[in-house]
There are 4 protein chains.
Amino acid sequence: MIILMKLGATDAEIQAVADAIRQRGVDPLILPGEDRAAIGIPAALTNDQKMDLEAELGAMSQVSKVTQTSRPYKLASREFHPDDTIVQVGPVTIGAGHFVVMGGPCSIESFDQFDEAARVVKEAGATILRGGAFKPRTSPYAFQGLAEDGLKILKDVGSAYGLVTVTEVMSPDMVSLVSRFADILQIGARSMQNFPLLIEAGKSMKPVFLKRGPSASIDEFLLAAEYVLSQGNPNVMLCERGVMPLDRGYTRNTLDISAVPVLKEHSHLPVIVDPSHGTGVARYVLPMARAALVAGADGVMVEMHPNPKKALSDGSQALTPDQFKSLMQNLQSLQTITTRASG
Amino acid sequence: MIILMKLGATDAEIQAVADAIRQRGVDPLILPGEDRAAIGIPAALTNDQKMDLEAELGAMSQVSKVTQTSRPYKLASREFHPDDTIVQVGPVTIGAGHFVVMGGPCSIESFDQFDEAARVVKEAGATILRGGAFKPRTSPYAFQGLAEDGLKILKDVGSAYGLVTVTEVMSPDMVSLVSRFADILQIGARSMQNFPLLIEAGKSMKPVFLKRGPSASIDEFLLAAEYVLSQGNPNVMLCERGVMPLDRGYTRNTLDISAVPVLKEHSHLPVIVDPSHGTGVARYVLPMARAALVAGADGVMVEMHPNPKKALSDGSQALTPDQFKSLMQNLQSLQTITTRASG
Amino acid sequence: MIILMKLGATDAEIQAVADAIRQRGVDPLILPGEDRAAIGIPAALTNDQKMDLEAELGAMSQVSKVTQTSRPYKLASREFHPDDTIVQVGPVTIGAGHFVVMGGPCSIESFDQFDEAARVVKEAGATILRGGAFKPRTSPYAFQGLAEDGLKILKDVGSAYGLVTVTEVMSPDMVSLVSRFADILQIGARSMQNFPLLIEAGKSMKPVFLKRGPSASIDEFLLAAEYVLSQGNPNVMLCERGVMPLDRGYTRNTLDISAVPVLKEHSHLPVIVDPSHGTGVARYVLPMARAALVAGADGVMVEMHPNPKKALSDGSQALTPDQFKSLMQNLQSLQTITTRASG
Amino acid sequence: MIILMKLGATDAEIQAVADAIRQRGVDPLILPGEDRAAIGIPAALTNDQKMDLEAELGAMSQVSKVTQTSRPYKLASREFHPDDTIVQVGPVTIGAGHFVVMGGPCSIESFDQFDEAARVVKEAGATILRGGAFKPRTSPYAFQGLAEDGLKILKDVGSAYGLVTVTEVMSPDMVSLVSRFADILQIGARSMQNFPLLIEAGKSMKPVFLKRGPSASIDEFLLAAEYVLSQGNPNVMLCERGVMPLDRGYTRNTLDISAVPVLKEHSHLPVIVDPSHGTGVARYVLPMARAALVAGADGVMVEMHPNPKKALSDGSQALTPDQFKSLMQNLQSLQTITTRASG
């Protein structure tokens, strides 16, 4: 922590800051500064001490700025865990460059619709099947999902095709239910800071697929992961799915591809990109999935519907089965090649 | 709903859109358009029909843009409910110009701290007491609140001073617990789109104090209120508490004062402003509370701590007891005056 | 400047940073740090040295973060100039609590239209007349202003009514022309970082009315003012006119009222608010002008048109003459009162 | 244009809108609507008529929303110009899939520095040489460039190595000067809405390299291009260089890779990506350049400095010569491959 004083702070005011630090058992370092003094804290404080000290400093009128010099997350940080985390879900390996594709419809609408989707996912060579049973919808009047009936379809269809399954869980009291039916728990973008849910998902020890909130900073995103990790659950995957757009007239969000190298540098967790929500437009899914791959992502999540025109949600961003197969082929050849190219 | 075709769409392509509309039992109106055709739907569709139709249109390559012509919320809309909603909580009337002040610390830290805060709130003339028992914190390592012990303190202290109480509830399974101890349920900014929580708060029939998410549009905010209202609970208050800032170097958020006249125009629900979270800086709380009042807000929520230097959370934005009393006096004289001025 | 090292930086790597600092003739202070080292620079560097050093550090792989501890602006800073700047333009005093109203149409459309506008401004008791002769328009197909003919009308009408005039200048080669006709040079929001224009406006020594760019941080805004001030021209007024909105469906921009206390604290320059562009909606102008006043602004700029329905630009945000007179009365009584209230 | 009435608008109020349209010589189409009426205009209005009408409607209290149904740009639109524009600059072909790399330092600092940079660019196989002579800097105290001396170095070095040159022009009065020395005129991000500059660059008929402003929507960006095109100059290249970031702690901007497919769909102009400014971090330049290529960009602009540690500006984002050569090889193999893969 570095405390910058205002210009013209007196010696007594500087000493008041130094004293507040000394009360926590640490010797401050006073830097006379360019036009004003700065005071450094050259030893570890506990989080409680930090919070406490920050409040005390915030109320001192001659303190200009308090800067945290260390990143706020630990367990999610690559500094403390240099090797890539690999999340193993049944036969599927996620992370450390094992590029995976998660495919399927936004919502599970019926057994037949989901069975058909799974068949396409399997044939195309993808290994993870997605589908929503509980749907977070901006409007209370929109289709809200099949709930537990949907979970049963998810489990049955996943087993039938030998696909790993992922579905969203929206509240802490549903974690145990969803855990019985799905292989991976998805925490949606709107739930990224639903802390009771993060804690419950952490306790479940199930693999967690955590989506970045639409206005979440990198620090906030990694701290959300930290909530899960701090429960002793190391199986967290990070998903970039688009941030607040400047212009909603062309895409639903702005897919932040640069978050891929940023997250890979600062965290050891696998990074997946969702170009379907990230753009909201089916015809931009392929170029953005390609971009994610070459930028270093560990996988993509792609919406595909047997008949997008008849989808009960997000039809305009879902690929058709043929488009999905073509995307899989395109990514496979790009992957082979770029592995060679960057080798 | 208005569907705009791409330039050069053929008659057959325009007819395909018209046919999709006719299948829903409605006659389309085709507008030949400036450089291209537009197609209007001059009759009511159900929400399911709309969603369904939108998906079908989204997959037609010659459709350029689909525009919703009506606002997506109904129960929250002033168009359908022209009179101001008044939320009555015990002796306190909120809405329709009855300006209220909600004061108290960010967190309930101990009986003594909270009792002292309540005494100040009461003496200063405010009528609603705030204090967090369950705290949503960005980091899992920060103080998380006293939980149920905090709720008991809230209820005891509120009763002792005859103050109405408000506290945050973070998950649907906690709604019944919190409802037993608090007069008003607060839904925090990060929970604005926690739909299971909104539904449960709606079912509880308790007054709900709903904070706007930091990147929520006005439509998303009013649709979140709609979730509560659609459960039959009419007692919803809207709280503007700052949106994503351009520059975190000076304020924690950008307090959107213009949301006050916008919300008052488009909704009948009471609008409260939180200048404490909205700025994150104690010395900006007074000017922004004044701004909220003259812009037409129905009240403000202000953080005050008996000793901000020792606060366990958000100390840098809390007022001291003296500052709080001074704010109350300032707002009271401004209110008397502006009532006269605008009268 | 504070340099934070990465976790696990070796002593040699820390010494490399220290050496780079010593080469600039300054002794570094090494802070052993919590989990990692930080290095402070306790003496003044020139701007060239800083830039130079920052580039060198940026290329060292074990440097995690370089933090500037001092604010980047000097001449615009209240720290270096504690007293409020007062800009005197003819008989009109701006700053230090002398609340001014600048009124008039977006564009000067004809002598008659502008003469009528000036009459209203004068009768209502405002002292500064605005009107655009050169209009920056997003589309090349929109009305671009009357150019030099408009400037002549501005000067003639301003003189006739004894009003101070303000109009926008869009490029450095037009500064001398516009200076001959107008009392105050307006630099528009889109030109806030048009550095050649800022320099030329600085050299002109005319009062400069500088609008904040729609995505400009406070630092960027004050550095733009610094460009003008650094030419020796102390007559700069800052104008908050709304930043990028989250939701364009209700207001054109988000008027950042909290920028008023922030700018007043960190700078000595007068702060004016433009609620017309800030909201884009005539019926929100009054509440936001009131909010600006009570938050501490030194004035407002308000668009008024003799006949908004016939305006060639921005008609939907212009007040009618009657609305403008009513706004003047409202602000005058609010001002009298709040001066008393805060006294 | 579609006009949506408020709920409860009377027949007389609807007729008032219809009359306003009829006064422009066009027959309105009235759609009875779901809960309210909408009125369509099925024929072309001139831009003046549109603006005029919009102002008139904006002042009618029962008009709820006015929606433009057509995109505001014409010359930049692919709808009006379906084939890709190819910009030919000397021997270099830009657009329609001819992937180009523009390399060089942020600033031209000396003949030797720039000559060395050019040698590296040439050897690595890139064809366009960049370097700034006039530098827009946020602070007036930062290095401002060598001005005309820099232009001479640019021209001499470019000729010596047979490289096409690009450099920024910051004001309209400098267009003719810069045009004499450089092959391509760069309009910087901060100048994207410097309309007098756009017009002058348009008149010059030189190829224009137009950078997107940090908060510019797609429409605003294409309208800026429209300013240049409307002067009769068809040689415009669009450059995505990053938009306002959510989190400045990791990258300088958020590089909007999805703008590539969006711009390629809606415009015929070449699209170049600048991963150097887009991220501000040298080690993210390669992954983002790769992402740009596979997303369909026509080229990248990359900063490279013979000695980034000694750069006078933007050193932390510049590649070293070795990194630049490696990037060129990487992109060349990726390009060969993806051409095959997508073929």
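In this text, all values refer to a predicted model and were calculated from it rather than measured experimentally. Here is the naming used below: chain letters follow the sequence lines, and residue numbers restart at 1 for every chain.
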> Within the side chain of A/E240, is there an N or O that forms a donor-acceptor pair under 3.5 Å with the backbone of A/G242?
Replying inline: yes

> Going by residue number, which parts of residues 216-227 of chain A are within reach of chain D, meaning a heavy-atom gap below 4.5 Å?
Replying inline: A/A216, A/S217, A/I218, A/D219

>> Give me the atom names and distance for the closest heavy-atom approach of A/P308 to A/A318.
In response: CG-O, 3.9 Å

> Is a donor on one side and an acceptor on the other found under 3.5 Å between the side chain of D/H98 and the backbone of D/G95?
Replying inline: yes

> Are D/V273 and D/M288 side-chain neighbours, meaning at least one heavy-atom pair lies under 4.5 Å?
Replying inline: no

>> Any side-chain to backbone donor/acceptor pair from D/D298 onto D/I272? Under 3.5 Å, distance only.
In response: no

> Any side-chain heavy-atom pair from A/L286 and A/Q323 closer than 4.5 angstrom?
Replying inline: no

> Which residue pairs pass the ring-ring contact (aromatic ring centres under 6.0 Å, His included) test with at least one member in residues 243-262 of chain A, sequence neighbours excluded?
Replying inline: A/Y250-D/H266

>> Under 4.5 Å from any heavy atom of chain D, what part of A/T251 do you find: side chain, backbone, both or neither?
In response: side chain

> What option among A/V262, A/T254, A/V260 has the most heavy-atom pairs under 4.5 Å with chain D?
Replying inline: A/V262

